[in-house]
Each structure stands twice: as C-alpha cells, then as structure tokens.
Amino acid sequence: MKSYRLLFALLAGAATHVSAATHDFPMMPVPFTAVHFNDVFWAPRLETNRLASIPDAFKKCEDSGRMDNFARAAAVLRGEKITNLKAPGYPFDDTDPYKVLEGASFTLAVQPDAKLDGYLDNLISLIASAQEPDGYLYTTRTINPAHPHDWSGTKRWVNDPKLSHELYNAGHLFEAATAHYQATGKTNFLNVARREADLLCQTFGPGTNQLHLAPGHEIVEMGLAKLYRVTGEERYLKLAKYFIDVRGPGGEAYSQANLKPVNQTVAQGHAVRAGYLYSGMADVAALTGDQDYVRAIDAIWENCVGKKLYLTGGIGARPAGEAFGNDYELPNATAYCETCAAVANVYWNQRLFLLHADAKYIDVLERSLYNGLLSGVSLTGTKYFYPNPLESDGHYERSLWFGCACCPGNITRLLPSVPGYAYAQLHNTLFVNLFAGGTADVVLEGGHKIKLTQETQYPWDGDVKITLEPVKKTSFILALRIPGWAQGNVVPSDLYRFADTNSDPVTLTLNGKNVPIQTDHGYVKIVRTWRVGDVLRLHLPMPVRRVVANELVKADTGRVALERGPIVFCAEGPDNPGGKVLNLTLADTAPLTASFDPSLLNGVETIKGRVLNTDKVEQDFTAIPYYAWANRGRAEMAVWLHRQ
Ligand SMILES: [Zn+2]
C-alpha cells in the first residue's frame, strides 16, 4: 500500500499527497496539483487569491510587525541588545505569516513563480533564525523571556491550555512547513518544523519527566499528522494521538476538554478549536485505525448538521467564546460563523468523506465552500469578514485586516487547495465530488491513467458535461455525486427543508443514453470499460428554491430563505428600494425568476420578484448570492425573509 501510494503520487506528478504512512484514509483525494480549474467561478477567485490576497496578506504581516517579531527574536538569540522588547498584539501572531506561507506554497505547487519562491526562502530563513537552539519557536518569549505576552506565562508551555497558544503556533508551523516541502521539495522549512516537533516529543507525553497537558487551541494534532505523513516518523503520530487522548475530562467545554474526546457526542465550545480537533481526530483515526475516534466524530457530526449548522454552512452561533450554541440556537443578526470555523468545517467534512465515502459530507462541504466560507473574503481579495452573520442592520462591513488576523490567513491557504476537493479515488473507483470546468489527471489502481474534462457553468447552471479519456480502455467505477439539494434535501438532516416542490428531475446520459438516477450513498456509480471520448451529461435542475428551517429554530420561525443550486441568496440594500431589506415579506405564491447579470459583482445570478415592504406595500425585490454581499459598502442584508 505504501509503495502504491508513493507511486500514485509520483505518477500524478504531485508530491502533495505523498504519504509515508502505512495506514491512511481509505479514500484519497486526487491532488489539487492534478486538477486544473478553468471555470467561470473558482478559477478567477483562485487567481485573485494568488495575485491579490497573498501578496497583500504578506504586506499586512510586514506592516504590522509580525515579520519583525522573528527578526527581534533572532537578534536576541545572537546576543544583541535590542531596545524594542514590546510583546506582539497576540501571542499567536507568528501563525499569520505561517498560514500565508502555506497558501503561497500551494500556489507555487501549481504555478511556478521564482520571485515568490525567493520571498518564501527569505521568510523561512528569518523564521529559522528565531528558533532557539533546542527547537523552541515562539517569538514573544524569545524576545523577552522575563516579560513575554501577558497570555504566555513565565514558563514555556504550561500556560498553553489557557492562553499562550504555543502549541497552536507549532501546529500552524507544521501545516505550513509540510505544504512548503510538498510544493517545492525543499527541506529548509520542514527542518525548522521537525526541530520543534522533536522538542515537543521530548517535552510532552506519558513519561514521568514529561508534561501532561492538552493543547488549549487545537491544530497541532493535524499538523503532527501531516508531519508524520511526509517524514514517516512514528513519534509525530504518537504525539498527535497523545494530544487528543490527554484532553479531558474535567476541563472546559470551551476547548472541548470537559470530556475525553472519544466520549464526546455534541459539537461544543469554540467552533474553530472544535473543528480542528474533529479534523485531527479523523486524521489520527485514519492513520491508526482507531474506531472510537470515528464513532465520536460521527456522533458530533450528527449533532452539528442536525442542530447547529447555518444554512450558509457556517458553524459557531455565539460571539461569546466564538462558540457553538445550544441545539437549534441559530440567531441570524448575531450569528458568529467565523470564517476560520467555515474553513475548519470544510477540513472536517472532507476527512469524514475520506473515511466513509458518503456524499452527504460533500453536501455540507459544498454548502460551506460556496457560501459561509467564500463570504469571508471580498471580491477584490483584500477585505475580510471575521464573523459572517446572516443578517445586518447596515453597520457591519469588511476589514482590510484584523488585530487578531486568523481569518485572512486561513482564506489564503484554503482557496488554492479547492481543486483538491473535487475528486477522490478508492482502488478503481473515481469519485466526482464538485462541479467546476477544468481537467483532472487521475491515476487509478494498477497505474491506469485517465484524463477527465468537465465543461459546465456551475454553480450558475446545473448542466455538466464530463468527457473521459483513459490512456487505454480501462474498467473502473465512476461515482458521480448527485448533490443532496438536487434530490430534495437541503442538508443531510431535518434542520432545513424545501418549502416548495420541483418537478424537473435530475437526468444523466452516457453517450446519449439515459442512465437511471439510482444513488448509493449519494453517488450514481457507473461500472464499465471506459473508452476515449465517453461523454456523461448530467442535468441538475436549478430552479429558485424556497427553504424553511426546522420549527425548533426560533430565529427562523415564519421565515423563508432562497437558494438556487448550491448557492444561498440574500437581499442586500443596494439592489432594493430605499436600501431596505429587513422585514420584507415574501409570499409562497409570488413568482421568482433567476437571471445572470454579468455586470453585477463580477457576474452573479440574481433572483427577482415582488415582496411586501414594511408598510405592506408591494415592491420589486432582488436577491444576490450571499457570498457576494458587503462588496458595495455598508448596507442592510437578510438571508431569511418573512414568509407569507
Ligand atoms: Zn478566524
């Protein structure tokens, strides 16, 4: 298996998913380096991320002193006397350059750029120069060990479960370093990560001379799993598992430490921490075969998707503690839905798919990706949301950056990897999960090479043409995802449901002949000997759909939302009379029409109809995709309208 995985990755022309692990997820994603989007939707967003967001985020890190923190720490290590001993704004400021470096590495993997490559090498040298001789890397303590950031405590590590975020910093370092290594083949950053990981292995564990404490803000678990995959060092995997098992009981639910993770059954506490823990548990479960972890994250997922998921795919209802609320506690104006939590939700659902081969996880992932995650960044790629509420009275707007800048960096690293969520494979089954124009070069078991081309205007149109070109005729199973939304299920739970009916069926043809839509775990599976030029045509009807929430969601009582395909819509001030969109009433019988407006918001589908305004007077109404709101200044916005 090991050699097959390596061979597969090399044949795919990508180092990105090389795994030295003997055990891993049964499913493997087709690496994003082997998937090239040339579509109307993602390709331009990925270019904006590469050309605007990443350079801008690096500049923000420079201007805000985040790079200088490494330089000051390095000067102290060289024995120089420095005058500026000031602590950074947050003890996790080091993670922002790490995250952008990760995103930049992903772009390098598909688009060589000597200038960017050189910039990254210089930055890595700077980071390496701030690493203490034993591998410790945490600039605020190195700069001023007697008085580091207030949250850091006076001793290494011990304040981490509360506030220091030393292990969170380490986790992001590992994530970034493995990405850089896989993208460039260079070990300069990987070696920095390994030195710190080795220090963690000495410091933490069950031994009598070791520290027994659970990371306060998870991500080191995922980071160590990645480091294990690229190095094959078992101790990194063991430490990842240790950091999960040492958590709880008796700690705070805020950081998922009130119970042992294997005994947890509900999504709780800080939503980003939670999503990273569940993702880390999925990784360790895949790498060790631990079924108790799988049972726990399956139960937590049922709770989350059944009771705590916003229509936009966002998670984390409460601003206080940036946390999950109670079951069905899903307020709209105060919805927190941190951009980072949407990123974590994508990570978690992708891993559950890789464990279970069920399209319901991709349904949640797709919902998050097109809506609550993408809303986190402006169309220009340089303004961001931290919370992503579902309603605004017009006071909320995007920011160029944040003091606590976790979200922009997370966007920069997630977007370049989106093509990696489109396809996956298991033995001789090829899964088509996302729809986007472009190509994929896949190598199935036995070394069978297949080129697949998608032609589609998705998400604006549900017609998808897939052309297959196996190098020679090959027998394999093509598993085509039929999205839940196209089969009458808003989400894979009873949290939301369609309030209208759609009589236009999903259809599929193979070389012009009808293929029945019989799904198995959300996939139509076609077994045959595929030949060059075989063409599948999928028709996913995309009428405007009305959605209502489970009656237990009090915030949405008597309200209706609009969707079309995978896109959630909202009403925003600039498109509606007087800029007013709160308290509009939409009748179930009011006709709604969708049309594409190429001049609006970089080209979006709009939904138009007639509604009643606050004075019960009928007026025109326009809705735009939720992800595109707040690109025209402050304005009122509502996803949920009153229903009549
Ligand atoms: Zn964030």
Side-chain angles (χ1 to χ4, degrees), residues 49 53-54 56-58 60-61 64 66 88-103 151 163 165 167-173 175-176 215-220 222-223 254-256 267 269-280 304 308-310 312-325 334-349 368-369 371-378 381-390 396-417 627 630:
N49 186 62
S53 307
I54 288 174
D56 188 64
F58 274 138
K60 293 290 193 308
C61 286
S64 60
R66 282 165 169 80
Y90 287 95
F92 44 81
D93 278 1
D94 295 352
T95 61
D96 300 318
Y98 296 161
K99 282 193 232 179
V100 187
L101 216 160
E102 183 180 342
W151 294 3
L163 289 166
H165 290 77
L167 292 167
Y168 173 76
N169 279 25
H172 273 298
L173 171 69
E175 295 252 310
H217 192 316
E218 298 91 328
I219 199 168
V220 72
M222 268 195 281
Y254 168 75
S255 55
Q256 300 76 42
H270 188 278
V272 182
R273 291 168 207 243
Y276 288 172
L277 172 65
Y278 311 149
S279 301
C304 180
K308 295 176 179 173
L309 181 74
Y310 278 96
T312 53
I315 52 172
R318 291 183 186 167
E322 307 184 323
F324 283 104
T334 60
Y336 201 64
C337 292
E338 182 177 340
T339 301
C340 287
V343 170
N345 203 24
V346 166
Y347 289 159
W348 181 27
N349 278 282
S368 196
L369 203 53
N371 302 292
L373 186 148
L374 201 52
S375 60
V377 59
S378 68
T382 51
K383 290 181 94 176
Y384 301 91
F385 274 153
Y386 195 119
N388 292 268
L390 281 75
Y396 189 53
E397 66 179 335
R398 295 176 184 280
S399 299
L400 289 166
W401 192 248
F402 304 99
C404 171
C406 51
C407 297
N410 246 343
I411 283 281
T412 61
R413 74 187 184 126
L414 191 284
L415 286 181
S417 66
Y627 76 80

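Each ligand, and each atom within it, is numbered from 1 in the order the structure gives. Numbers here simply count residues along the sequence, with the first being 1.
Separation of the H172 and Y98 ring centroids does not fall under the 6.0 Å cut-off.
Using a 30° and 60° split on the angle between ring planes, W151 and F92 fall in the tilted class, from 30° to 60°.
Protein N/O/S atoms closer than 2.8 Å to the Zn ion (ligand 1), listed by chain and residue number, are E338 OE2, C340 SG, C406 SG, C407 SG.
Between E338 and N388, every side-chain heavy-atom pair lies at or beyond the 4.5 Å cut-off. A heavy-atom distance below 4.5 Å is not found between the side chains of L369 and L374.
The cationic atom of R398 (NZ for Lys, CZ for Arg) lies less than 6.0 Å from the six-membered ring centre of F385 and within 45° of the ring axis.
Using a 4.0 Å cut-off between charged nitrogen and carboxylate oxygen, R273 and E322 do not count as a salt-bridge pair.
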